[in-house]
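The first residue of the sequence shown is numbered 1, and numbering continues consecutively from there.
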Amino acid sequence: VTKLGNYVFDSSELTTITFESGSALTSFGTNVFKASKLQKITIPEKVTTLGKNMFQNCYELEEVKFDGVKVTAIPQYCFQNCSALKTVELPSSVKTIDTYAFDACTSLETFEFPAAITGVKGYVFRGCTALKRIEIPATITILSEYLFQNCTSLSEVVFPNTLKRIGTVGSTSATSTTADKGYVFAGCTSLTSVEFPESLEFIAPRSFQNTGLVTVTLPKNLKYLTARTQLLSAGSASFGNVSRTTAATDTSSYVAGQFQ
């Protein structure tokens, strides 16, 4: 067997699965274990492709091992709603994590990004209410929309000195307009302080809405805050009580709502 096809064990009573040593399996289809009773799994080392929704709604899944696996992507909804999963160590080869991959993994306490990571899309850790600390690696320069929304236990975020954007910049063309997308840390009520890197240039709308932040200092290289309203002058700006109001020395250069 080199591939498990779509929906093979979807909504099944399967609790364990064992792959023989030297398994030839290289890929999983979509929804393979979705909503099953699966509790533990070790992915065979020859696997290079995981399927979308692979473990979605596996509420009893506690352990996933990737011994020697060389996958490069974690697909959409892969672990969404795996509410018993406390930790997962992804292969060092993983470069991208797609939308909603760990959304609502409410028991996930720790997470470390793989060494090869270059991109993490929106909603990946939304609603991971047990996650307490996250360190963003230097290989990530953009934090996508809703990435950590409602991570209510998150109290420490370490930003790299390479980070340029918190949120996604919209676009305008002759036929359409795409709005800036924020809410990156919205609802992170345990987050009481952050230290922005000097490299930061952009913060999207409502990226820190309803957090525990009281005071924040904006870096001198910041060009755009909220709806890409350009700052009138360079330099650091300090905010007090930003969880309740957006008060700046020159309020005309800011758009209300960023830290409310």
Side-chain angles (χ1 to χ4, degrees), residues 99-100 102-104 106 108 111 113 120-137 140-170 178-232 234-260:
T99 51
Y100 301 95
F102 294 96
D103 178 39
T106 53
L108 189 68
F111 183 87
F113 288 99
V120 181
K121 292 190 177 180
Y123 302 86
V124 168
F125 299 102
R126 186 185 66 168
C128 290
T129 52
L131 189 65
K132 298 177 181 179
R133 181 183 187 275
I134 197 76
E135 183 170 349
I136 311 298
I140 294 178
T141 59
I142 299 172
L143 298 182
S144 297
E145 66 274 9
Y146 297 88
L147 186 58
F148 297 102
Q149 186 190 32
N150 294 336
C151 291
T152 51
S153 297
L154 187 64
S155 60
E156 183 180 2
V157 179
V158 180
F159 296 116
N161 58 13
T162 54
L163 186 67
K164 293 193 177 296
R165 299 175 185 171
I166 295 178
T168 305
V169 178
T178 302
D180 300 333
K181 297 177 182 178
Y183 294 91
V184 182
F185 294 97
C188 293
T189 51
S190 296
L191 190 63
T192 59
S193 65
V194 291
E195 184 174 343
F196 293 124
E198 289 300 318
S199 57
L200 188 64
E201 298 178 352
F202 171 85
I203 303 178
R206 303 185 188 276
S207 287
F208 293 90
Q209 184 182 51
N210 192 30
T211 64
L213 290 178
V214 175
T215 300
V216 64
T217 299
L218 300 181
K220 63 182 180 181
N221 292 320
L222 188 69
K223 297 177 181 178
Y224 301 106
L225 186 66
T226 70
R228 290 198 293 164
T229 299
Q230 189 168 359
L231 300 185
L232 298 183
S236 231
S238 293
F239 288 74
N241 299 322
V242 291
S243 59
R244 294 181 289 279
T245 183
T246 304
T249 304
D250 182 357
T251 55
S252 63
S253 61
Y254 299 91
V255 177
Q258 178 62 48
F259 294 99
Q260 289 181 345

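- Contacts of Y100 classified as side chain to side chain contact (heavy atoms under 4.5 Å, CB included), with partners at least two apart in sequence or in another chain: Y77, Q80, D103, Y123, R126.
- Looking at F196 and I203, their side chains come closer than 4.5 Å, going by heavy atoms from C-beta outward.
- To the nearest 0.5 Å, atom CD of residue E201 and atom CG of residue L163 are 10.0 Å apart.
- The two atoms that bring S153 and T129 nearest to each other are OG-O, 2.6 Å, heavy atoms only.
- Separating the CZ atom in F148 from the OG1 atom in T211 is a distance of 14.5 Å, to the nearest 0.5 Å.
- Note that NZ of K181 and OG of S207 are 13.0 Å apart. Values are rounded to the nearest 0.5 Å.
- Partners of K121 according to the salt bridge (Lys or Arg N to Asp or Glu O under 4.0 Å) rule, which considers only residues two or more places apart in sequence or in another chain, are D98.
- The aromatic rings of Y183 and Y146 lie parallel to each other, their planes meeting at an angle below 30°, with 60° marking the opposite boundary.
- Of all heavy-atom pairs spanning T106 and A130, the tightest one is O-CB, 3.3 Å.
- Atoms CD1 and OG1, on I136 and T162 in that order, are 10.0 Å from each other to the nearest 0.5 Å.
- Minimum interatomic distance between F202 and L222 (heavy atoms only, all atoms of both residues): N-CD1, 3.5 Å.
- Separating the CG atom in L131 from the OG atom in S155 is a distance of 9.5 Å, to the nearest 0.5 Å.
- Side-chain atoms of R133 and V158, non-hydrogen and from C-beta on, do get closer than 4.5 Å to each other.
- Of all heavy-atom pairs between T168 and S144, the closest is OG1-CA, 4.0 Å.
- For S199 against P160, the heavy-atom pair with the smallest separation is OG-O, 4.1 Å.
- Contact between G167 and A204 at its shortest, heavy atoms only, is CA-CB, 3.7 Å.
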Which donor-acceptor pairs under 3.5 Å do the side chains of residues 185-193 make with protein atoms, sequence neighbours left out?
unit_1, atom_1, unit_2, atom_2, d
S190, OG, T152, O, 2.5

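- The closest donor-acceptor contact from the side chain of N161 to the backbone of P197 lies at 3.5 Å or more, if one exists at all.
- Side-chain atoms of L200 and F159, non-hydrogen and from C-beta on, never get closer than 4.5 Å to each other.
- From T141, atom OG1 reaches atom CZ of R165 across 7.5 Å, with rounding to the nearest 0.5 Å.
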